[in-house]
Amino acid sequence: MLMSLVIAHRGAKGAAPENTLRAIQLAADQGAEWVELDVMLTADEVPIIFHDQVLSLSAEVPVLVKDTPWKRMQNLQVAAPVGSTEPSAPIATLEQAVNLIHQLGLGLNLEIKPAAKGLGEVTLERSLEVLKSCPAINLVISSFDFSALQAAQRLAPNLARALLYETLAVDWRDAVRKFEVRSIHLANLDSLDAATIASIRELGLEAYVYTVNSLARAEELVSWGVSGVFTDFPDRFTRLLASKSKRVSAYGDPL
């Protein structure tokens, strides 16, 4: 299996500030073996773990991540979700996140999420530079941005790649062949059905579904042949983890 049955979405973002070191640590504490994080570049091309293209420094002055240098961002705090007792936490760099993931023995699904259109390839390139300087981890690269997957295919051909879709595109099989991916990650929509999962598995691929916060829904998806689910609440899946999950290594060589 490419990853694990339960993958912590942006860390344990249901309780901790998303995409932060605290969210990664909490995911491990809650039993997750893999985490999913988003990476984008600051104005000075520092890969940071962040999801949104817009950075709200205040309610009145939103700015773009792509226009903001790391020096201006490194003292900012990410708020915990509503209802959480967790304190806010600082924005993390990719380097900080990978070092912690290595210490915790986790795997990483790194989503290349460009801070603006046209930045997919450079985001992948700068991320690989960081990853190669960090301790080796089990790693899967995923993206909605085809330029990022193409760059990964060229620069790190042994690294596992995954296509991200909300719903499967008409030409998804062509994309699978072109980018030589090992898995497809789909949104947890009502329209998702067992036949769709079967069509993916028929090509020898694995299917993962995001974002699943219901144990009953996760069990249904697994019964269809889904290899794993991304969740904001890893601690809700103790029963599923105990019965089916096992630690695995990513396809291909770690960086």
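Nothing here was measured: the structure is a model prediction, and the numbers come from that model. One is the number of the first residue; the rest follow in order along the sequence.
Here the side chain of Gln153 pairs a donor or acceptor atom with the backbone of Lys178 at under 3.5 angstrom. Between the side chain of Thr123 and the main chain of Leu119, a donor-acceptor pair closer than 3.5 Å is present. A donor-acceptor contact shorter than 3.5 Å links the side chain of Asp44 to the backbone of Trp70. Listed for the Thr196 side chain is no donor-acceptor partner under 3.5 Å among the backbone atoms of Leu192. Between the side chain of Gln96 and the backbone N or O of Thr93, at least one donor-acceptor pair lies under 3.5 Å. Proximity of a side-chain donor or acceptor of Tyr208 to a complementary backbone N or O of Val6 within less than 3.5 Å is not detected. Under a 3.5 Å cut-off, the side chain of Glu36 and the backbone N or O of Ala8 do not form any donor-acceptor pair. Judged by distance alone, with hydrogens and angles left aside, the side-chain atoms of Asn109 form a donor-acceptor pair with the main-chain N or O of Val140 at under 3.5 Å. At least one donor-acceptor pair under 3.5 Å links the side chain of Arg201 to the backbone N or O of Gly225. When atom types are taken as modelled, the side chain of Thr211 and the backbone of Phe230 share no donor-acceptor pair closer than 3.5 angstrom.
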* Checking side-chain contact (heavy atoms from CB on, under 4.5 Å) for the pair His51/Glu18: CA distance, chi angles, key distance, verdict? -> CA-CA 9 Å; His51 181 270; Glu18 67 175 42; 3.6 Å; yes

* **Trace of the side chain to side chain donor-acceptor pair (under 3.5 Å) decision for Ser4 with Glu33** => CA-CA 7 Å; Ser4 59; Glu33 296 179 339; 4.6 Å; no

* side-chain contact (heavy atoms from CB on, under 4.5 Å) between Val54 and Val65: does it pass, once the steps are laid out? -> CA-CA 6 Å; Val54 177; Val65 170; over 6 Å; no

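Put simply, the side chain of Asp67 does not reach to within 4.5 Å of the side chain of Leu55, judged on heavy atoms. Proximity of Val35 to Ile7: side-chain heavy atoms (C-beta onward) are nowhere separated by under 4.5 Å. Between Asn138 and Trp34 the shortest side-chain heavy-atom distance falls below 4.5 Å. Contact of the Ile24 side chain with the Leu104 side chain is registered, since non-hydrogen atoms from C-beta on lie closer than 4.5 Å. By the 4.5 Å heavy-atom criterion applied to side chains, Glu45 and Lys66 are not counted as neighbours. Proximity of Val39 to Val130: side-chain heavy atoms (C-beta onward) are nowhere separated by under 4.5 Å. Side-chain contact between Arg10 and Phe50 is absent, with no heavy atoms from C-beta onward closer than 4.5 Å. Residues Arg173 and Ser199 are in side-chain contact: their nearest non-hydrogen atoms beyond the backbone lie under 4.5 Å apart.
Under the side chain to side chain contact (heavy atoms under 4.5 Å, CB included) rule, Thr231 has a single partner from Val209, Asn188, Asn213, which is Asn213. The only option from Val63, Thr42, Ile48 that meets the side chain to side chain contact (heavy atoms under 4.5 Å, CB included) definition with Thr68 turns out to be Val63.
Salt-bridge formation is detected for the pair Arg154/Glu125: a Lys NZ or Arg NE/NH1/NH2 atom is positioned less than 4.0 Å from an Asp or Glu carboxylate oxygen.
A donor atom on one side chain and an acceptor atom on the other are not found under 3.5 Å apart for Ser183 and Glu206. Between the side chains of Ser147 and Asp145, at least one donor-acceptor pair of N or O atoms lies under 3.5 Å. No hydrogens or angles considered: nothing links the side chains of Asn99 and Gln103 as a donor-acceptor pair under 3.5 Å.
Counting all heavy atoms, side chain and backbone alike, Ala15 lies closest to Leu26 at CB-CD2, 3.7 Å. Residues Ala160 and Leu2 come closest through the heavy atom pair CB-CD1, 3.9 Å. Nearest heavy-atom pair across Val212 and Arg217 is CG1-CG, 3.9 Å. Heavy-atom minimum distance, Val78 versus Pro17: O-CB, 3.3 Å.
The CZ atom of Arg22 sits 12.5 Å away from atom OG of Ser88, with the distance rounded to the nearest 0.5 Å. Interatomic distance, Met40 CE to Ser127 OG, rounded to the nearest 0.5 Å: 10.5 Å.
A centroid separation of 6.0 Å or more is found between the aromatic rings of Phe233 and His9.
Ring planes of Phe179 and Phe146: tilted class, angle from 30 to 60°.
No more than 12 heavy atoms of other residues, nucleotides or ligands shown are found within 6.0 angstrom of CD on Glu166.
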